[in-house]
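Whatever order the structure lists ligands and atoms in, that order sets their numbers, starting from 1. Note: hydrogens, waters and symmetry copies are ignored here, and every other heavy atom, side chains too, is used.
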Amino acid sequence: MATTTTDVKTLIADKVAELVAAGNPSPRVGLVPTMGALHDGHGALFEQARAENDLVVASIFVNPLQFDQPEDFEHYPRTLEADLELVTRYGGDIVFAPATEHMYPGFPNAPQIRVSAGEMGRVFEGASRPGHFDGVCTVVAKLWNILMPPAPAAFRSYFGQKDAQQLAIVTRMAQDLNIEVEIRPVSLVRAPTGLALSSRNVRLDDHGMEKALGLSQALHYLADLATRGERLDISAARDIIRAQENVELDYLEIVDPTTLQPLTAQQLAMPLEREALALVAAWVPPVRLIDNMLLAP
Ligand code: PAF
């Protein structure tokens, strides 16, 4: 494990040099950025990174900039020892786990310069968490700058499709800021019931688990309409969720997967012409759940 930028850069450069010397002309380096508190949901990220790369780097850093409530940052679980064991079990090679002061010297009065996620960061999850995606972009840009391997290595970074908005935003950031990293999306994992796996599910009792199924049912309903070439009846999909007692729908929208712009009423009136993304968030007491599904025509 490395805790400083200099150490982790040396570790990565040495490994890349070893791979080149062993006859690999362009080693592939995959980064799995995390905030720790690792669980099996992270396993899929590591599994894909391991399968696609010669070297797998994990970062473990609880990023204060992406918490809108300071107490949420303070209470965020920190389980470094268990995380290091899990990274090893998942096949990670190098862990970068810096302290807050190392990433942001002078925090909380730093960093002065931050990345803005723009309009994409102000909608959906960003609407209820002002500044969250600016914080994500700032730390991800820093992590990419620190952990990008030297030539001739290729660099990839892994993000779960579960956080579809985050995935779209970091993909756009890499393009807009010309950062030489390939974003690799990792498919969302569902329970056999259809419920998207999330660390929040443990707070649902059996009743809550049942009600939460409304989210994936609504998404499947839209995906079926899309594949059958039928008009996407978004109101009927919202009603599937609202039909569950005590469940409060925050949003269910169909958007362009890259820009997150909602499809217009005119586009929704016709069968889908190209891939779209259905995003949903709802309160299923005591938790707020998000889910999403790509809709293919
Ligand atoms: O998805 C997360 O765990 C975080 O937002 C990330 C990408 C590690 C940045 O802190």
### Message
Once salt bridge (Lys or Arg N to Asp or Glu O under 4.0 Å) is applied, what residue pairs with a partner in residues 179-193 remain, sequence neighbours excluded?
### Response
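Those involving residues 179-193 are Glu52-Arg184, Arg156-Glu182, Glu182-Arg184, Arg190-Asp291.
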### Heavy-atom pair of closest approach, residues Asp256 and Arg274
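Residues Asp256 and Arg274, closest heavy atoms: OD2-NH2, 4.0 Å.
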### Task
Provide the number and element of each atom of ligand 1 under 4.0 Å from a heavy atom of Val139.
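Listed by number with element: 9 (C), 10 (O).
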### Message
Can you classify the ring geometry of Trp144 versus Phe159 as parallel (below 30°), tilted (30 to 60°) or perpendicular (above 60°)?
### Response
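Perpendicular: the ring planes of Trp144 and Phe159 meet at over 60°.
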### Message
Tell me whether the count of non-hydrogen atoms from other residues, nucleotides or ligands lying under 6.0 Å of CD in Glu71 goes above 12.
### Response
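Counting neighbours around CD of Glu71, more than 12 heavy atoms of other residues, nucleotides or ligands fall under 6.0 Å, so yes.
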### Query
So which bit of Val170 gets within less than 4.0 Å of ligand 1, heavy atoms only: side chain, backbone, both or neither?
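It is neither; nothing of Val170 touches ligand 1.
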### Message
Nearest non-hydrogen contact with atom 9 (C) of ligand 1 belongs to which option: His42, Gln66, Met35, Gln166?
### Response
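Nearest heavy atom to atom 9 (C) of ligand 1 lies in Gln66.
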### Message
Which option wins on minimum heavy-atom distance to atom 8 (C) of ligand 1: Gly135, Pro33, Pro64?
### Response
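That would be Pro33.
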